[in-house]
Amino acid sequence: MNTKLMPSAQAPMVRDSVLKAENLSKEVISPEGSLTIVDDVSLEIVSGESVAITGPSGAGKSTLLALLAGLDSPTRGRVLLAGQDLTQLDEDGRARLRARRVGFVFQSFHLLPALTALENVMLPLELGGQPDARRIAAETLAGVGLAARTGHYPRQLSGGEQQRVAIARAFVTRPAVLFADEPTGNLDTATGSRVGELLFGLNAHEHTTLVLVTHDRQLAERCGRAVRMDSGRVL
Amino acid sequence: MNLVRLALRMLGREWRSGELGVLLLALTIAVAALTGVGFLVDRISAAVALQASEVLAADLRLGSPQPLSDSYFQHARAAGLASARSTTLVSVVFNGEASQLTSVAAVTAGYPLRGRLLVAGEAFARGAPAEGIPATGEVWPDSRLLAALGAHVGSELSIGATAFRVGRVLISKPDQGSTFAELAPSLIMNAADLAATQLVQPGSRVSYAGLFAGERSAVEAFKAWLVANKRPGERVRDITDASPQVRNAVDRAGRFLSLASLVSVLLCAIAVAMAARRYVSRHLDTVALLKTLGASRSFTLGVTLLQLVLLAILAAAVGALLGFVAQEWLLRTIRGLLALTELPGPTLAPVGVGFLTALAVLAGFALPPVLQLARVPALRVLRRDVGPPPPLVTLAFGPAVLVVLALVYWIVPEPRLFGYLTAGLTVFVLVLAAAGLLLVQLAGRLRHGVGVAWRFGVANLSRRRAESVVQLVAFGTGIMVLLLLAILRTDLNSDWQRTLPQDLPNYFFINIPPAARDEFVQFLQSQGARTTKVLPIIRGRLTAINGKPVEDPKSGRAAEEGFATREQNLTWSADLGADNRIVAGHWWTAADMGKPLVSLASEFQESLGVQVGDHLTFDIGGEPLEVTVASIRKVKWDTFQPNFFIVFVPGVLEKVAGTYMTSAYFTPGAGHSLAQLAHRFPSVSIFDIDELLTQVRGLLDKAALAVQSVFVFTLLAGLTVLLAAVQSSRDERRYESAMLRTLGASRATVVQGVLAEFTTLGALAGLLAALGASVGAYFLTTRWLELRYSFQGWPWAEGILGGALLVAAGGWIATRTVINQSPLKTLRS
Ligand SMILES: Nc1ncnc2c1ncn2[C@@H]1O[C@H](COP(=O)(O)OP(=O)(O)O)[C@@H](O)[C@H]1O
Ligand SMILES: [Mg+2]
């Protein structure tokens, strides 16, 4: 266990732990035999913290993120998200938890091409049965500076604009944790830093915990803490 | 409910963005094809039935040896049906001293309800349609009767207690029959005069017929009521019981049409399966994202299912409308060509059937992949290569197989044929899949020997392994069913043309005395008639089977046909006619001549339940004669050649006194010759079957119209469906072509690559389809349509060339816009 990378673990319980991984491992069966892509990882992240997961390509960052967010189940170990043991929940249970507590931003944006910017942002609210989804979504979209683009389809937006819509969609439910997998990976440096700006602004403003996988050194440096991975292990 | 609202909202949004176009298009075309063919089949079979019912002079005929109750006619009137009565009896008709045994039909106004009475001003003249029936006090005798009595229009004939004036000459009536059972000449009179003749006495042999006609569903309902309420001894007949010639033609046309329906169903299934694949692959990301955002599995499933059902309803409505418009247009176009006057209006049934079939096909072919869709893990948002877990094979293919089986059985409910069809189809699909795998492998090897474009195209085939196999199976099956239909259509039409050539004998002559035989034939030839072979006729009665005397059967078909009791026409012949086929035993050889052997038509054999080797005893001119059943023949009655149920081996009956029969073709307007003939050979009975031939020709014309137009329609539908199927690979190509162009490939190279891929795929699919269609056609023509099969080369050329061209064209059309799109735009999205 790597305790020196978890200063808050020894700190007094002033801030709640919002995400905790205990001895997480993920093995997959590949043609060359069993492959351990996440190897005995433990970490704890407290509310409002921002954590960067870095490392070379193929290190297992995305896999770890998927395990932490409950998108995938670990071979061993467990994840506590907002006090809930993800390994005790079934797929639908994890989905319900994600609906209330978790937001996502992806490298390739993952906007639904058939929906306008506003409709994309409304989607999580609609799934949660929020009555005034349209108003809240419009406000959030205005918050990322896209008030003028609400009726546009993803294909009519630039990459940076698409990612801002994705960020609005991730924040619109006021999640406890926001996961981002290479959010600037598909963007040029200038656009990327504007997106980073937005993420950290919301992190500060909304006290949302930020867990982001990134290659972007600038982005990683702005995080409160960095977790380096290689070959499935946290260094 | 939240789910429904959200599903609707998402559907609306997807609709606006044009995302659902292809699935909707494929479904709509499929439903249009299905209902269009359904409408055609429905209306044309109604037209065929209408034509066929002419031989009954009605849609429904109730016959009885007892007077028919008025309640039947009241019930028919209440049901909106037209009705008439025809009472027939045999009586002697006098013209002064001359007399002749005559079949007298007394009919009521409205007769005939189907078909027409042809009358003329003199005997053996060309008939023109009569208006109404004979007035009271008037009779319409036929040419033979006038010739026998030496009478003419205006003569006074006495029948029973009354005298009648000859108003017109009866040339033909639709229900005169064609079995030559009634040897007597005939005459029709008004039913109102029947009582005055005092011919109907207790004990006299009279048959009463009630004729009913009207709108199809009303006739069907009335028939059911009649069957349930008729008295014993009364017999209901409709076109299914009509003469064998007509029944054969109607059956074959009906079989072809149902096969056409089956073809459109299969095409529809292919289109839906392909469209569903595309729908699923386009929605994998959406479902994964919805799950990431917190949607449960049942929610995503509910949303997709609801969307699919809504789409199905929309497609069914639009498709049914399109199908209706298309068949209406087609019928209007073709109707002019065939001078078709009346065509029954459409019923709503095809819409319902099309709709239900579309739903069934959707459930079988679209549901399994859509159910899979709901199983795609949320993880896909992070790892693109993660798809839904592989389904159980039974779940993936089970519903599709079940739906196809159910549909095939519904259309072809004969267990044996159903077995053949499904086994054939299964083998064909397996062969296609195996060939697909082989092609994929070969393509992998071949690509080094060809140019850039071909290498790219052919490499694609082996890279998209599963896709290629699926597409090959889809195209192959589609082309195969279309080719099969085309081959059967040709077989059927050429058979019909063979059946009824223009110079088919239109007069039959019976009772030619042996002494006058040669003179008679010479006379026919001197009159310019084309003569046919002369056959002996011996009258005889079956008295015992295997030594056991036959009694009058009390019921069943044998009783109705009177096979066992009635005098039979026997003949002998050395050769088996071209329209006869041996189904059991064997035809006699030279060594059999003179042995006591007999060959039976299958109808006769079935109704008596005898087998090859059984012994039959006939009473011929008072002498018993025991013979052994040597063979059973299947007779094609619709050739209108003289054929006999019972044929003896030559050398057995020659010594018995008999007569001869023959037939001849007279050109129209040979009335004078025939009158002369009737005068010179007074004992010879002349049968004019010209009008019957016209009836049957009309029938075959309609059947041919059905076959042609349904075929054209199925072909068009098939082409559009194949196009829709090609569309499904569009997405996969978008990215690829952009990549290639970015890497410096010219637009032309990319296009050539696509063409190479589709051409290879299409040609192979066409080749295998031609093979499948030829084998299938062999079985279907010989076993199902009972025609002769002749190998045809054109399906091979059309299959391979057509397959390559069509699939390539379809592929090009589908990918053109993709290729034209700027690579930057594609790669950015
Ligand atoms: N289901 C799987 N099967 C086989 N290999 C996998 C699977 N999931 C991940 N991997 C492999 O594990 C390694 C880590 O993947 P990933 O977490 O995506 O790395 P990163 O995001 O750090 O680039 C990669 O080499 C990847 O190919
Ligand atoms: Mg990654």
Side-chain angles (χ1 to χ4, degrees), chain A residues 61-67 69-73 90-116 119-120 122-130 133 153-159 162 166 169-170 172-173 175 179 181-182 186 213, chain B residues 1-21 279 282-303 307 374-386 388-389 731 734 821-822 824-829:
Chain A
K61 308 182 295 289
S62 295
T63 309
L64 178 61
L65 196 75
L67 292 174
L71 294 177
D72 202 358
S73 357
D90 62 3
E91 196 194 320
D92 282 352
R94 297 202 299 270
R96 265 195 303 278
L97 187 64
R98 280 199 299 273
R100 281 180 288 119
R101 300 303 208 157
V102 177
F104 283 98
V105 175
F106 308 99
Q107 176 170 7
S108 50
F109 324 136
H110 279 319
L111 297 178
L112 293 189
L115 307 191
T116 61
E119 287 161 354
N120 264 294
M122 284 163 69
L123 196 57
L125 296 172
E126 289 176 321
L127 286 172
Q130 190 96 14
Y153 285 97
R155 61 172 181 277
Q156 297 166 323
L157 300 173
S158 72
Q162 289 188 46
R169 181 179 67 189
V172 75
T173 53
F179 292 98
D181 191 11
E182 316 248 15
N186 276 0
V213 168
Chain B
M1 196 189 148
N2 187 27
L3 176 105
V4 177
R5 267 219 327 268
L6 191 67
L8 281 177
R9 212 175 294 165
M10 298 256 311
L11 188 68
R13 290 167 187 169
E14 292 212 30
W15 172 254
R16 250 190 300 117
S17 71
E19 278 292 291
L20 296 171
Y279 179 84
R282 281 190 81 93
H283 283 76
L284 284 175
D285 288 339
T286 304
V287 170
L289 186 79
L290 283 176
K291 284 190 169 177
T292 306
L293 296 182
S296 68
R297 185 194 281 198
S298 56
F299 181 87
T300 51
L301 186 62
V303 171
Q307 290 191 354
R375 297 178 68 197
V376 65
L379 185 60
R380 186 179 163 91
V381 291
L382 288 177
R383 294 184 47 91
R384 288 299 320 249
D385 56 325
V386 179
D731 289 326
R734 169 171 289 151
Q821 207 169 66
S822 106
L824 179 68
K825 197 171 167 201
T826 306
L827 289 182
R828 227 184 54 190
S829 66

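Here is how names work: the chains are called A, B, and so on, in the same order as the sequence lines, proteins then strands, and each is numbered from 1.
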J.: Which heavy atom of A/A95 sits nearest a heavy atom of B/K291, and at what distance?
T.: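 Nearest pair, atom of A/A95 first, then B/K291: CB-O, 4.2 Å.
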J.: Under the criterion side-chain contact (heavy atoms from CB on, under 4.5 Å), I'd like the reasoning laid out for A/F104 against B/V381: C-alpha separation, chi angles, the key distance, then a yes or no.
T.: CA-CA 10 Å; A/F104 283 98; B/V381 291; 5.8 Å; no
J.: In this structure, are over 12 heavy atoms from other groups packed under 6.0 Å from B/R380 atom CZ?
T.: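 Counting other residues, nucleotides and ligands, CZ of B/R380 exceeds 12 neighbours.
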J.: If you count heavy-atom pairs under 4.5 Å with chain A, which of B/L290, B/D285, B/T292 comes out on top?
T.: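 Maximum pair count with chain A is reached by B/T292.
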J.: Quick one: which of A/T63, A/L65, A/L123 has the most heavy-atom pairs under 4.5 Å with chain B, could you say?
T.: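 Option with the greatest count: A/L123.
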J.: I'd like to check the side chain to side chain contact (heavy atoms under 4.5 Å, CB included) partners of B/S296; sequence neighbours left out, ordered by chain and number.
T.: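 Expected list: A/D92, B/S298, B/F299.
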J.: Rounded to the nearest 0.5 Å, what separation is found between the CZ atom of B/R383 and the CG atom of A/D181?
T.: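 With rounding to 0.5 Å, CZ (B/R383) is 11.0 Å from CG (A/D181).
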J.: What part of A/R100 gets closer than 4.5 Å to chain B, counting heavy atoms only: side chain, backbone, both or neither?
T.: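 For A/R100, there is no contact with chain B at all, as no heavy atom is under 4.5 Å.
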J.: Minimum heavy-atom separation for A/A66 to B/L382, with atom names?
T.: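 Residues A/A66 and B/L382, closest heavy atoms: CB-CD1, 3.6 Å.
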J.: Against chain A, work out which of B/A288, B/A295, B/G294 has the most heavy-atom pairs shorter than 4.5 Å and name it.
T.: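 Maximum pair count with chain A is reached by B/G294.
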J.: What are the two closest non-hydrogen atoms of A/L71 and B/L379, and how far apart are they?
T.: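 Closest approach of A/L71 to B/L379, heavy atoms only: O-CB, 3.7 Å.
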J.: Which residue, B/L289, B/T286, B/L293, forms the side chain to side chain contact (heavy atoms under 4.5 Å, CB included) with A/H110?
T.: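 Of B/L289, B/T286, B/L293, side chain to side chain contact (heavy atoms under 4.5 Å, CB included) with A/H110 is met by B/L289 alone.
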